[in-house]
Amino acid sequence: MLRQARQRLAALPGTSLVRASGLYLTAPVGGPEQEDYLNQVVELRTALAPQELLASINRIEAELGRERLVRWGPRSIDVDILWYDGSSIGEADLEVPHPRMEERRFVLEPLAELAPDLVLPSGRTARDALAGLRGQTVKRITESRGERPDKPSPPQSRGPKMDHSAMQAEIRRLAKEKGAVILAHNYQRPEVQDVADFVGDSLGLSRKAAATTANMTVFCGVHFMAETAAILAPDRPVILPDEEAGCPMADMVDVEGLEELKAEHPGAFVVSYVNTSAAVKAISDICCTSANAVNIIRSVPKDKEIIFTPDRNLGSWAAQQAGRWLIVWPGFCPTHGLIGVDDVEEAKAAHPNAKVVVHPECESDVVALADAVESTSGMIRFCRKDDAKQYLIGTELGMIYRLEKDLPGKRFYPLTQLAVCPNMKLITLDKVLKALQVEGPVVTVEEEIRVKALRAVQRMVEVEA
Ligand code: SF4
């Protein structure tokens, strides 16, 4: 039930699941009629207002047939902590505004699993507070990926923290020693972009991954990107510094659903955005990125029907540009979905001389207001050639750093500060360092799927932007 609830929460509009702890079984505390509880802490990023989120949670519980057997409280899936400023529980020194958190090991333990350094109202960290709660019985029974021992690990000493430049120097030293190439997407944190050998968009990074002769690739991006690198270069390990870094849009299309759609349109040509799993790529005819989607659609013979997955916004925009009709899967990017028409209007009023440049993953009403619609690499090319001095950028916030670095003579403003992809931001310098030290986690693709997916991916890297 918790797993289904989690999936449904992540599918709410404007909502994505950032991370989830393992499941914890606990004895009842406070007199409920159930014999025991299952607990899990999830971190969500949502554009929903608190009341909308609570209403959605109640609806999900009702849909899943959850019976209210407890004697207190209106809900059994709780929203206990809300931050309104785009914070993430992984951030150092973030304070928890919930005063009773420290009394309950069944809440504190999964929370400490996700963010041991969170600061509680008493000033203690979650890890330190947990050490004082050993009397309550809690048993860890699963975790979101892989298995762990039931017993919580003893509190670890934090040790002295390295600053960014020391960590970057150590990462570069280790990468050289191990013959690793570090690739980073344009949406990565600035300090991660700075430590990479190459920074780029999905198409550019896929080409780098295919061409590299390095011993291993450290991919600072999200899971489908590392998977694509593993499809193209199976002879060297591809390391994703945080294996929880997924892409909610990629999760919106699955093999079963796509097979059903293909059966309804026999003979249709399937174009899948690179933001898909290897298994979906394996049943697609060709992949594309936002940089070459239009050219790829144009290359499909005119007498063929085209199915496009999973991004409805990229699909609709590319169809219009290419002058073709597409059957578009209804997926979308929750992060680009946070950019609204209001943001464009307000930003234009504040910067009347600036041009609006947006990514095609934005909603169509935002795209309609733009001076240019570009992939991230296209944004750099466009702003370099264009003679304006100021731009309003509609894509993930990390792109602002990339543009400012590449084009220091121009000014770039985000259409909204909210467009932060929580998955991209899971990759931090200390995780990159650890990934190099332990040479993992390695992303692999089953050989049978890899070989089938390779056809579609290979065709994608051959088509120009
Ligand atoms: S920005 Fe959107 S499409 Fe890109 S990884 Fe994040 S959720 Fe996926």
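Computation of the quantities below employed the complete heavy-atom set of this structure, encompassing side-chain atoms and omitting hydrogens, waters and symmetry-equivalent molecules. Residues: numbered from 1 along the sequence shown. Remember, it's 1-based here, ligands and their atoms both numbered in the order they're listed.
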If the threshold is 4.0 Å, N to carboxylate O, is there a salt bridge linking Lys208 and Asp197? no
Short N-O contact, Lys425 and Glu396, less than 4.0 angstrom: yes
Tell me how many protein N, O or S atoms are closer than 2.8 Å to atom 6 (Fe) of ligand 1. 1
Numbered atoms of ligand 1 (with element) below 4.0 Å of Asn275, judged on heavy atoms: 3 (S)
Salt bridge Lys452-Glu448, side-chain N to carboxylate O under 4.0 Å: yes
Between Ala226 and Val443, which heavy-atom pair has the shortest distance, and what is it? CB-CG2, 3.9 Å
By the salt bridge (Lys or Arg N to Asp or Glu O under 4.0 Å) test, which pairs, at least two apart or in different chains, include something from residues 428-438? Asp242-Lys431
What distance separates Asn275 CG from His223 NE2, expressed to the nearest 0.5 Å? 13.5 Å
